[in-house]
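Just so you know, these numbers come straight off a predicted model, no measurement behind them. Throughout, protein chains are lettered first and strands after them, A, B, ... in sequence-line order, and every chain is numbered starting at 1.
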Amino acid sequence: MELVEESPYRFRIDPLGEMRVPGVVFAARSLLPDVRADRSLDQVANVATLRGIVEASYAMPDVHLGYGFPIGGVAATDVEAGGVVSPGGVGFDISCGVRLLVADLDRAALAPMLDRLMDGLDAAIPRGMTKGAVWKLSGRAQLDELLVGGSRYAVEQGHGVERDLARCEDYGAVSDADPGQVSDRAVQRGQGQVGSLGSGNHFLEVQAVDHIYDEAAADAFGLRAGQVCVMIHSGSRGMGHQICTDQLRVMERVMPRYDISVPDRQLACAPVSSPEGRAYLGAMAAAANYARANRQMLGQAARRVFERVTHRQLDLVYDISHNLAKIETHRVDGAERRLCVHRKGATRALPPGHPDLPADLAAAGQPVLIPGSMGTPSYVLTGVEGAPAFASTCHGAGRVRSRKQAAKAVHGRDLRHQLEAHDILVRGASWRGLAEEAPDAYKDISAVVESAEGGGLCRQVARLVPVGVVKG
DNA sequence: ATGTAC
């Protein structure tokens, strides 16, 4: 594996063997994975062999090993040219993403109430392995409505306000969800989890705006220095996981029928326009809407606690996914093409003026929400005109040490003391879970974001720092 | 990420 430096934040893997296009990695040299110890760039090369792939197999600065595709990967296939869709290009946590809310309240004014706020959130946010969810659904019929309607359905049922939907990617729901493709087992797993955080790197954080890079965009997003925010990072829980598992099994079976062979079994795929490809996209969309409704409900729970303790409202800045495939039109080799754009651990970053943006965000561009690892900053970015990689950017810090290694290096109790020494309050679900998420198990988020901007993928708008964390 | 194993 050889990396050719094209510019300080852009490296190329030239096509070899079955690769149809090059690999392109957007990262400073210091963030590049070690090609001897880490297989994630082999995964970038493997993705480049997929039928119908156009331009390049892209990797964001937070790239790391995933199932088949790397996390931090972007790949687009040409639908009309027999291009494939692959569940591994989306990941198990379908439409995992981030929701950011802001309060008209400064960090200093919150300080005397912070402990009570964190206790309230601790009690109100279901998380970890324990059962519990904000919203108990009445049965499959209601779940099916949620799988089609996403956040819009939650708001229609009284869980939120109409303005929330204008501040959700896709206005709260992706189209073409097909609940008929969702197995009974997926329904069973998802039924009791709407409005629950999960575990791993998922969190709810109380944060403060620490630095503004772009005043005009920050103003459009409703962000100012010193202001208190709530960030929620969660996904589609057991529902998305089961849907991914089910659909992978189908694709593994039908690949020979379409004469598809892949260098790694985890790259199972089918043509976008085949029955199996369409079935996956319908099921994936259902899981995506589940994830959005999940974050809507978590946001509602946070709002109730926040209002009770501080007597202030939380307004939605934005809700955005970083694990999704979408059919989009892009110009490739001078012609408009319908592409299936896989983003796995990668975030869509619409530039200013994009027609999919609501009017009040048109001048600034789309808010892109980048969650940091525990105890480290998070970022708000925005899209830029003429960006490469189908208007995509990074999604977070990216793990560099395994959960096991992380848990061995530090005890959760010590980590909590370290965070509290930095005035960050911690409400965890388990000591082990806390230790697995130690910040030094992740890349430096600030370096990741700098690389993304340096590579021309996005622009920095604001930096947020944690003041209290609720961990799954 | 995940009822951390079909």
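We find that CZ of A:Arg127 is positioned 18 Å from C1' of B:dT2, with the value rounded to whole Å. At whole-Å resolution of the value, CD1 in A:Ile94 and P in B:dT2 are 12 Å apart. A:Glu252 places its CD atom 13 Å from the C1' atom of B:dC6, with the value rounded to the nearest Å. Separating the OH atom of A:Tyr67 from the P atom of B:dT2 is a distance of 17 Å, rounded to the nearest angstrom. Atom CZ in A:Arg237 sits roughly 5 Å away from atom P in B:dT2 (whole-Å rounding). In this structure, the CZ atom of A:Arg432 is 16 Å from the P atom of B:dT2, given to the nearest Å. Atom CG of A:Asp93 is separated from atom C1' of B:dT2 by 9 Å (rounded to the nearest Å). Going from atom CZ of A:Arg185 over to atom P of B:dT2 covers 17 Å, rounded to whole Å.
DNA chain B is contacted by both A:Arg399 and A:Arg249; A:Arg399 maps to the nucleotide lying nearer its 5′ end (nearest heavy atom per residue).
In this structure A:Ala154 satisfies the side-chain contact (heavy atoms from CB on, under 4.5 Å) test together with A:Trp135, A:His159, A:Gln296, A:Met297, sequence neighbours excluded.
Looking at heavy-atom distances under 4.0 Å, A:Gln188 makes no contact with the nucleic acid at all. A:Gly198 comes within contact range of the sugar-phosphate backbone alone, with a heavy-atom separation under 4.0 Å but no base atom that close. Residue A:Gly200 is classed as a sugar-phosphate contact, given heavy-atom separations below 4.0 Å to backbone atoms only.
Note that CD of A:Gln43 is 10.0 Å distant from NE2 of A:His64, once rounded to the nearest 0.5 Å.
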request  = Take A:Arg399 and A:Glu437 through the test side chain to side chain contact (heavy atoms under 4.5 Å, CB included) and record every step on the way to the result.
outcome  = CA-CA 9 Å; A:Arg399 191 174 270 281; A:Glu437 293 302 312; 2.9 Å; yes
inquiry  = Between A:Val84 and A:Val272, does the side chain to side chain contact (heavy atoms under 4.5 Å, CB included) criterion hold? Intermediate values first, please.
reply    = CA-CA 5 Å; A:Val84 294; A:Val272 174; 5.7 Å; no
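Applying the 4.0 Å criterion to OP1 and OP2 of B:dG3, one finds that A:Gln242 has every side-chain N and O outside that range. A close approach under 4.0 Å does not occur between any side-chain nitrogen or oxygen of A:Thr245 and OP1 or OP2 of B:dT2. Residue A:Arg403 places no side-chain N or O under 4.0 Å from the OP1 or OP2 atom of B:dT4.
Residues from residues 283-292 of chain A that place a heavy atom under 4.0 Å from any atom of DNA chain B: there are none.
A donor-acceptor contact shorter than 3.5 Å is absent between the side chain of A:Asp210 and the backbone of A:Leu464. With hydrogens and angles disregarded, no donor-acceptor distance shorter than 3.5 Å links the side chain of A:Arg20 to the backbone of A:Ala48.
The only option from A:Leu316, A:Val230, A:Val317 that meets the side-chain contact (heavy atoms from CB on, under 4.5 Å) definition with A:Leu100 turns out to be A:Val317.
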